[in-house]
Amino acid sequence: MWRLQLIRKPWRCFSTSAGVPRWFDSVGPAAKDPIQAVTEAFNSDPFPQKINLGLGAYRDEQGKPLVLQCVQQAEEKIRGCNLLDSVSASVASSALVEECIKLVYGRNVNVVKEKRFAGVPALSGTGACRLFAEFQRNFFPESAIYLPDPTWTNHHNIWANAHVPVRTFHYYHPHLRGLDFAALIDDVKNAPDGSFFLLHPCAHNPTGIDLTEDQWSEISNLFKMKNHFPFFDMAYQGLATGDVDKDASSIRIFLEDGHLIGCAQSFTKTMGLFGHRTGCLSLLCADRDQAVQVKSQLQQIAGAMYGSPPVHGIVLLSTILGDQALKSMWFKEVKAMASRIQSMRAKLRERLELTGSSLNWEHITKQVGMFWFSGLTPEQVDRLAKEFHVYMTPDGRMSMAGVTTSNVRYLANAVHEVTKCS
Amino acid sequence: MASNVISAAASASPSACPVTDLLKGKAKLGSGNVGSLFIKDKGNPFLNSKSCGRISMAVAVNVSRFEAITMAPPDPILGVSEAFKADNDEKKLNLGVGAYRTEELQPYVLDVVKKAENLMLERGENKEYLPIEGLAAFNKATAELLFGADSPVISEQRVATIQGLSGTGSLRLAAVLIERYFPGAKVLISSPTWGNHKNIFNDARVPWSEYRYYDPKTVGLDFEGMIEDIKAAPEGSFVLLHGCAHNPTGIDPTPEQWEKIADVIQEKNHIPFFDVAYQGFASGSLDQDAASVRLFAARGMEIFVAQSYSKNLGLYSERIGAINVVCSSSDTAARVKSQLKRIARPMYSNPPIHGARIVANVVGDPALFGEWKAEMEMMAGRIKGVRQKLYDSLTSKDKSGKDWSFILKQIGMFSFTGLNKNQSDNMTNKWHVYMTKDGRISLAGLNLAKCEYLADAIIDSYHNVS
């Protein structure tokens, strides 16, 4: 973490012989972002059969990035729009937020009808989480954030950079390769009342292990008793089961139970809008007045960080979500993506079992969403990269979206080779 | 600078019409009347009883944690626009917000932007993530535009450039770098300066103080005060300078004054930090407007420069800009770049693609680049034209002998009229001219047709109100 590198004594300005100050001598090189590092290593590998399973970005059957039809059509639709002045941008933002809220909480719920939400467009999931982290620091300065162990690596950075202390709660049981529910419950109970928890509503990243509806209910009740704040990071709505409503069921359980929820939404993976940085941050409030006040504070935080999110992505996304035909098209396309990933999981497991491996591979198909948390050790991951040109993050997380029918056999053999002596 | 902060007032729900219809002018915008949106909650939505196979309990919902949260202060510039909207007088004039308007007082999408977007659409480029540092073609183009393609800082690879979210986002990245690597260092900002500068440094927890800049007696630069205050600051402070077209005053140092500013900054081992939001827009020439930055770079100084394409390419809402750090060596630049990336990743992971592609396409195509330069000259020319007409109207109508030449000496979108708060209020209340209380008018919102009317308003407010 950067804190270790921070020099707390007054900096010194060094001079060159020409007397030119050299201010940045104390600035060391930053450690590479682990996920980016995988992509960079992959990119510089000349091996023709190399496979990139590092980045959580959908690839089609040919291993190519996919621009969704609904997105292409929306681009055509908004072509030539005057996107300039802040009035139009503001209208587009409100339209987007409303559609995002309906998508995640449900179309006809009271919070939507009564406008009891403070919502702002955000710079994808990262931006939404960061806005919330800054908000948490400003208004709950004594609070910490509880992150599941493990979680997306950037969660730690986001809250740390917002100067909010980070704690973790049990989630993954390495021996069971499943959920450590009992320990999770204990951690929720033992946390001080009114703690802030970050929850993955579906397709947990990196483990792919999700709670059942009963387990979600139990957590929800426990949260009520402890008065904890549930903050959901929704990055895969539609990509987990293929059904956007089903993927939001955990959030809807909490909503029905009366929690005032916080939610970060990202559309980078589910709509392939990676480069546009489109997302939403919403906080449910007690009433409309409060929603207006909370929203004003979120806008204030955003205003000093980047102003407002880019309008192209906002208009694109609100066009897709606001148009019945485009939205239905999107539902079908996201379901197709989810299905392809599910079938790749099945094929990989089948191929591994055919290798004669003695190990249990059922976790490939039991896990949900884009990632397979393989359980491979860092050494095995390293071997996969060096000997087989298969790239993934050091924690053994593989993006199944990068698997195709043409590379699945190669992948299975590679995985078998590095695991067969274990 | 145009405030892109979304309206703090909840706007009317547009869910009845597709956004595209609104943007194409086919549907009317809602009135955004905040008062009508506040309705009483019916019943108590918080008491809930659960059944259907789950544990049945009637449990009071978590009471909201947000009770103590108050309304954030309203954006002063936005307030002006809202008041303007509510005014029904046909003579009304909006000189509040710093967004370019045509002679017909309409927003303007540059032709080159439309062409670039069409090119991009035809190519059907994918929407993959940009790397954390942004689009490489954009970063290269933006640094060359700023420093000059043949500058040694470019050829020696001594600039760390990363794409940022317009000027605001780029300033914030730099602010975090300052807080992290120069703990306790102050940023000196001009008095006055763009309102958001303070917010950015406050949120990044970087202390700041002001240096004298505007002299109300001369409606010009308090150069001696500026130099004194920069000299008096602790060694190693950051000095925030507007590269050209100072916001809000429109008052820029002369080339000779820039040399002296550079002298005193070097003397005190300060670090110059330029905010360049109007390159090309001030004089009409990209190179001329970058002269101040290039002067400092030529002295071999280490410099921070934030850039924005909001005004000069009209890309306000696309949030495209860059932070550049000129370092003493390419190795240092590489390290600084890596740290800037580390700051961006937990803020938004990677920057948005659309605006970057537009800039890269415009700057990268010689024909489009030439067209852009012409459009910029046109925009800057229109502003110079209204300045001249306003000055002419003032001098011909005002018989007091007051010197109005500061209007011509000032540059860029804004003019500090020298009107005080009461006088500015008179402008609004009596003449329906909307401006900010500090006496700033945005010439981008003025056209030739209204110059005489504005002159009458200014003369009346100046002489008859105190």
Side-chain angles (χ1 to χ4, degrees), chain A residues 11 13 20-24 27 29-30 33 65 67 77-78 81 83-86 88-95 98 110 123 126-127 130 157-158 161 217 224 227 258-260 273-277 286-288 290 292-294 296-297 299-300 303-308 310-312 318 322, chain B residues 4-8 10-11 14-15 18-20 22-24 38 41 45-46 48 54 59 61-62 64 66 69 71-72 107 109 126-130 165-166 168-169 172 181-182 199-200 203 236 269 271 300 302 317-319 327-328 332 335-336 338-339 342 345-349 352-354:
Chain A
W11 65 96
C13 173
V20 174
R22 283 172 24 212
W23 287 104
F24 305 121
V27 176
D33 176 275
V67 179
K77 227 178 155 184
I78 69 175
C81 270
L83 300 177
L84 254 202
D85 60 285
S86 50
S88 307
S90 175
V91 167
S93 292
S94 296
E98 188 151 327
N110 287 334
L123 293 164
T126 308
R130 179 60 178 266
N157 296 335
I158 291 168
N161 272 250
S217 289
K224 270 195 286 199
N227 201 29
H259 291 282
L260 294 177
L273 291 178
F274 304 96
H276 286 301
R277 319 310 296 137
D287 54 48
R288 209 169 209 167
Q290 194 182 81
V292 172
Q293 286 159 352
V294 170
S296 76
Q297 295 292 352
Q299 288 169 333
Q300 177 102 322
M305 206 187 283
Y306 51 82
S308 53
V311 82
H312 191 85
S318 66
Chain B
N4 281 305
V5 173
I6 300 161
S7 170
S11 42
S15 48
V19 172
T20 44
L22 281 164
L23 294 176
K24 286 178 173 162
F38 292 175
D41 270 13
F46 294 144
N48 219 328
R54 304 221 297 273
V59 178
V61 141
N62 295 340
S64 171
F66 305 143
I69 293 176
M71 195 74 172
V109 181
N126 68 45
K127 296 169 186 319
E128 292 292 289
Y129 290 121
L130 285 179
L165 275 96
S166 201
T168 308
R172 180 61 177 263
Y181 285 98
F182 302 88
N199 297 335
I200 293 167
D203 276 27
N269 270 337
I271 302 183
E302 292 188 312
S317 304
E318 294 299 347
R319 320 309 297 141
C327 306
S328 56
T332 311
R335 297 194 324 261
V336 168
S338 76
Q339 295 295 349
R342 218 164 123 249
R345 172 68 162 148
M347 216 185 265
Y348 48 81
S349 280
I353 198 165
H354 196 75

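Proteins come first, then strands; the chains are lettered A, B, ... in the order of their sequence lines, and each starts at number 1. Just so you know, these numbers come straight off a predicted model, no measurement behind them.
- Contact record, B/A72 with A/Q297: N-NE2, 3.4 Å, taken as the closest heavy-atom pair.
- When all heavy atoms of A/G303 and B/T168 are compared, the closest pair comes out as O-CG2, 3.3 Å.
- To the nearest 0.5 Å, atom CG of residue B/D203 and atom CD of residue A/Q300 are 7.5 Å apart.
- For the pair B/R172 (side chain) and A/Y306 (backbone), a donor-acceptor distance under 3.5 Å is absent.
- Pairing each heavy atom of A/T126 with each of B/S349, the nearest pair is OG1-OG, 2.6 Å.
- For the atom pair CD1 of A/I158 and OH of B/Y348, the computed distance is 13.0 Å after rounding to the nearest 0.5 Å.
- Ring geometry for B/H354 versus A/H276: interplanar angle of 30 to 60°, hence tilted.
- Between chain B and the options A/P65, A/P310, A/G127, the largest number of non-hydrogen pairs under 4.5 Å is found for A/P310.
- Between B/Y129 and A/R277, the shortest heavy-atom distance links the atoms CE2-NH1, 3.5 Å.
- Atom CG in B/L165 sits 11.0 Å away from atom CE in A/M305 (nearest 0.5 Å).
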Go through the steps to decide whether A/V292 and B/M71 satisfy the test side chain to side chain contact (heavy atoms under 4.5 Å, CB included), and finish with yes or no. CA-CA 8 Å; A/V292 172; B/M71 195 74 172; 3.5 Å; yes
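- If you take CE on B/M347 and CG on A/L123, they are separated by 10.0 Å, rounding to the nearest 0.5 Å.
- Only the side chain of B/T332 comes within less than 4.5 Å of a heavy atom of chain A; its backbone N, CA, C and O stay farther away.
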